[in-house]
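Since the structure comes first, as structure tokens, the remarks are kept for the end.
Residue numbers start at 1 and run along the sequence shown. Order of listing sets the numbers, starting from 1, for every ligand and every atom in it.
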Amino acid sequence: MNVFRELITIDKHQDVPVYLQISNAIIHNIRRGTLRRGMKLPGSRELAGLLSIHRKTMLAAYDELMAQGWIEMIPRKGTFVVRDLPDIKPKKIKAGEDVGQYPTKTLFAIDEKSIVHFPQGNFPDPNILCINDGFPDIRLAPTELFLREFRSLARLRAYKKYYQYGSAKGPTYLRETLAPYLSDTRGLPITPANVLVTKGAQMGIYLTARLLIKPGDNVVVGEPSYFAATRTFQHVGAQILRVPVDENGMDVEALERLCKKKRIRLIYVIPHHHHPTTVTLPPDRRIRLLELAAHYKFAIIEDDYDYDFHYASNPILPMASLDHHGNVIYIGTLSKTLAPSIRVGFMVAPENFINAAAHLRRAMDWQGDSMMEVAIAELYRNGVMGRHIKKVVKIYHERRDHFCQLMKDSLGEKVTFKIPDGGMSIWTTFNSGKLTQIAEKAAKKGLVFADGTLYNTHKTDYNASRMGFASLQLKEQEKAIAILSEVLS
Ligand SMILES: Cc1ncc(COP(=O)(O)O)c(C=O)c1O
């Protein structure tokens, strides 16, 4: 019977209780055929002795196995593996052998052609020097103050409320915080009924796409535009039409010409610091867009992901703050304001749309993380968020200027860029050499940055990249540009 010592390993430091470790090990060995159907098992006292555990623990393990139907107790005869288990071929195992492999492929087919591919987030080690796509410097995030809010929620026993299932629209407390905040700071004439708390901007884009687009519907995006939004629209079957983006954002006259020819269901606009080009849509184009939306009855997604970070002046008021006949779905996020991994964003829309989106959200994600969302509401209410934004805008402004100066001085004619009014990156065109090769060479010298392929469309290879300056301190910027300069020369 010593074989049981080999078949069952117990680790008292594991979180799994010992009796479950034993019953799981026995099930595993029945499954692989090492313990055969009808086989007599040692008595609980004997097995407890062999495994050096208390007999009560062994009885609990046997009870568990009986409850699950793996073993049976026959009075005056003993404990047996049940007879009517499916046929399993015995297999020899060695001590310490691992539990085998999960299948690497499904037996059923997956239509590979129907997958719309999204980047899977293979970001480099955070210690490697990286010019990213335009992310915030997470070292500046008010982490301690954020954690303090979490801790105090637990102290107040609020967790009893916020650990429960809650609304698909997000906690009332956060929606009652965001509605007046967005009214005061962005001129949105809204109440909490107009707000749905999302997991970042991406969820708002997806919910809107799913609700509005039927396969074959025409959706207009910029040439170029934010790849993740375009892919989301394609994912739900949209026909993508592109309108040029110039130094003032989407060309609304070209859009009007298109509207005259085709029926448009939705247009996707990034009004501040357009992705990827970083240009800002001026007020006259915003107003014209709204007129076109009212006339041609299309919906607008206004993705204002970067609203807080405008350096040239105050940000321009969103289209959603103007008269829009209910045509605008306004989307915001804290990915840039706090950190990309804090998956909190918001969607602002007429109430009927918010209700429909809340129902749809349930199908994929029952609700957000209430504790986190309430902690964030506190950051808005106690002024931490306001102070944080003010602080980082100043820092990023300085970093933008420093980075642009470095590129001008060290890279000269080899690149072309325009200083953006805000945001966290510089749209930089490389004038000599293929960007894919330049990025590869830079990586070998210790600098990682996007090789530009994500920003290309089927029409155009821009040979350009978004050079994220915000997350790099001035010295880090100098190091990064020095490497780039070396690669380009
Ligand atoms: C145009 C645009 N929208 C939205 C986002 C952010 O999305 P999320 O809030 O899901 O992180 C980004 C991120 O870079 C973006 O560039």
Quick one: do Arg288 and Glu291 make a salt bridge, cutoff under 4.0 Å? yes
Note: ligand 1 atoms sitting under 4.0 Å from heavy atoms of Asp303 are 1 (C), 2 (C), 3 (N), 4 (C)
Give yes or no for whether the N/O distance cutoff of 3.5 Å, strictly under, is met between Thr333 and ligand 1. yes
Find all atoms of ligand 1 within a distance of less than 4.0 Å from any non-hydrogen atom belonging to Gly200, and give their numbers and elements. 9 (O), 10 (O)
Within 45° of the six-membered ring axis of Tyr307 and under 6.0 Å from that ring's centre, is NZ or CZ of Arg186 located there? yes
Using the side-chain hydrogen bond (donor to acceptor under 3.5 Å, both in side chains) rule, pick out the option among Lys336, Arg466, His310 that qualifies with His273. His310
I need the atoms of ligand 1 closer than 4.0 Å to a non-hydrogen atom of His275, numbered in the order shown. 1 (C), 16 (O)
Going by the 4.0 angstrom heavy-atom rule, the piece of Tyr206 near ligand 1 is neither
Just say parallel, tilted or perpendicular for the rings of His397 and Tyr311, cut-offs at 30° and 60°. parallel
Could you check whether Arg343 pairs with Asp365 (Lys NZ or Arg NE/NH1/NH2 to Asp/Glu carboxylate O, under 4.0 Å)? no
Which ligand 1 atoms, with their elements, are less than 4.0 angstrom from a heavy-atom of Ser335? 8 (P), 9 (O), 11 (O)
Under 4.0 Å from one or more heavy atoms of Tyr268, ligand 1 contributes atoms 1 (C)
How are the rings of His275 and Tyr455 set to each other: parallel, tilted or perpendicular (split at 30° and 60°)? tilted
Within 45° of the ring axis of Phe298 and under 6.0 Å from its six-membered ring centre, is that where the NZ or CZ of Arg263 lies? no
Nearest to atom 13 (C) of ligand 1 by heavy atom, Arg466, Met203, Lys336: which? Lys336
Here the gap from Ile301 atom CD1 to Met347 atom CE, rounded to the nearest 0.5 Å, amounts to 7.5 Å
Nearest protein heavy atom to atom 10 (O) of ligand 1, by residue and atom, and its distance? Arg343 NH2, 2.7 Å
Ranked by distance from atom 7 (O) of ligand 1, the top protein heavy atom is Ala201 CB, 3.7 Å
So which heavy atom in the protein is nearest atom 5 (C) of ligand 1, and how far is it from that ligand atom? Tyr226 OH, 3.7 Å
